[in-house]
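First comes the structure, then the notes that go with it.
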Amino acid sequence: MNIALIGFMGSGKTTIGKKLARQLGWTFLDSDGLIQKKENCSIPEIFAQKGEVYFRECEKSVLTEVAELKKVVLATGGGLPIGEDNWKILRQSFFTVYLKAHFDELFLRITGDPIRPLLQKYPTKNQLKELYLSRVDWYEKAHVIIDTSQKKLERIIGEIIERARPFYTNQN
Ligand code: S3P
């Protein structure tokens, strides 16, 4: 089985995922990285040239591939857990961890980042907050919710390992 980190842009999925994988001795993968490799194109380029619908198909296809693997920590793109199709795969093959943070904190982390094409689609703080709010119910379907606000990286990782342990020790 695998672990999937989910949450809005800026929630620390990649940073936490890399360190978590190292501590568990598992492989770290991230859905955006896999898509870029497959398409030989950056995420903003995929959005600009082929559109968001195409990008979402790529997300589903890499998720399906990773689901076949074992002992992977997957950092998912912020939109990947939106929709029942991807959730079916997540539920079946991953222990899912929602990295929850206050919207204002997330906004500060992501604002002005050129590698996030959705910031062009939702250019104001209010629009982005609407997007965040529309996704929360999907994120909250995760097996565990870890509140990352004001917490050190080590503590967040410790909490994930503690909560996930019964799951992965049963599966091995
Ligand atoms: C997206 C989040 C991004 C990336 C793409 C779309 C989203 O990943 O997949 O720009 O829909 O929230 P991060 O959450 O890693 O920034």
Side-chain angles (χ1 to χ4, degrees), residues 2-22 27-67 72-90 94-142 144-149 153 156-157 160:
N2 305 300
I3 293 177
L5 302 181
I6 68 172
F8 203 64
M9 293 174 274
S11 57
K13 292 163 290 189
T14 304
T15 311
I16 293 167
K18 280 185 181 162
K19 203 152 186 200
L20 174 65
R22 210 176 307 132
T27 306
F28 172 78
L29 293 173
D30 79 286
S31 59
D32 281 356
L34 292 169
I35 293 169
Q36 293 185 106
K37 216 169 167 185
K38 250 186 149 172
E39 295 291 310
N40 200 18
C41 209
S42 71
I43 300 298
E45 279 165 353
I46 299 171
F47 268 78
Q49 290 166 15
K50 302 198 168 163
E52 186 174 346
V53 173
Y54 180 81
F55 173 78
R56 299 299 172 197
E57 282 166 15
C58 295
E59 271 188 329
K60 186 170 183 205
S61 123
V62 300
L63 179 65
T64 308
E65 285 170 27
V66 178
V72 168
V73 174
L74 177 70
T76 62
L80 186 144
I82 311 311
E84 192 44 42
D85 280 3
N86 285 355
W87 255 109
K88 259 187 210 142
I89 307 170
L90 284 169
F94 297 83
F95 181 77
T96 48
V97 179
Y98 169 29
L99 300 176
K100 183 179 174 170
H102 203 277
F103 175 76
D104 288 337
E105 212 173 300
L106 297 169
F107 182 73
L108 277 180
R109 288 194 211 145
I110 62 178
T111 189
D113 188 339
I115 65 157
R116 291 192 162 100
L118 284 196
L119 298 188
Q120 275 132 48
K121 191 171 168 190
Y122 303 94
T124 68
K125 187 175 178 182
N126 274 346
Q127 284 170 316
L128 213 53
K129 188 163 188 179
E130 286 292 311
L131 177 69
Y132 166 82
L133 292 174
S134 74
R135 288 178 167 182
V136 167
D137 284 353
W138 290 104
Y139 295 148
E140 289 185 344
K141 289 178 187 291
V144 295
I145 299 174
I146 305 278
D147 192 338
T148 62
S149 307
L153 196 55
I156 295 169
I157 289 166
I160 297 174

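Hydrogens, waters and symmetry mates play no part in the numbers below; they use all other heavy atoms, side chains included. As the structure is a prediction and not an experimental result, all values here were calculated from the model. As the structure lists them, so they are numbered: ligands from 1, and atoms in each ligand from 1.
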Side chains of residues 109-119: which donor-acceptor partners sit under 3.5 Å, not counting sequence neighbours?
residue, atom, partner, partner atom, Å
R109, NH1, G10, O, 2.4
R109, NH2, E105, OE2, 2.8
D113, OD1, I115, N, 2.9
D113, OD2, R116, NH1, 2.7

Using a 3.5 Å cut-off and no angle test, enumerate the donor-acceptor pairs between side-chain atoms of residues 95-103 and protein atoms at least two apart in sequence or in another chain.
residue, atom, partner, partner atom, Å
T96, OG1, H143, N, 2.9
T96, OG1, H143, ND1, 3.0
H102, ND1, D104, N, 3.4

Out of all atoms in ligand 1, which are within 4.0 Å of some heavy atom of R116? Include the element for each.
16 (O)
Number the atoms of ligand 1 from 1 as they appear, then name those within less than 4.0 Å of a heavy atom of P117, with their elements.
10 (O)
Under 4.0 Å between a Lys/Arg side-chain N and an Asp/Glu carboxylate O for K60 and E57?
no
Tell me, which protein residue and heavy-atom name are nearest atom 2 (C) of ligand 1, and how many Å apart are they?
G78 N, 3.4 Å
So, T124 versus N126: side-chain donor-acceptor pair below 3.5 Å or not?
no
Note the single closest protein heavy atom to atom 8 (O) of ligand 1, along with its residue, its atom name and the distance in Å.
D32 OD2, 3.1 Å
Would one find more than 12 heavy atoms of other residues, nucleotides or ligands at under 6.0 Å from atom NZ of K125?
yes
Taking 4.0 Å as the limit for heavy-atom contacts, which would you say applies to I115 with ligand 1: side chain only, backbone only, both, or neither?
neither
Measuring from the heavy atoms of R135, does anything fall under 4.0 Å of ligand 1?
yes
I'd like to know if K121 contacts ligand 1, where contact means a heavy-atom distance under 4.0 Å to any ligand atom.
no
Taking heavy atoms and a distance under 4.0 Å, where does R109 meet ligand 1: side chain, backbone, both or neither?
neither
Applying the side chain to side chain contact (heavy atoms under 4.5 Å, CB included) test to N86, which of T76, T64, L80 qualifies?
L80
Checking the N or O distance criterion of under 3.5 Å, is ligand 1 in contact with K13?
yes
Parallel, tilted or perpendicular: ring planes of F55 versus F47, cut at 30 and 60 degrees
tilted
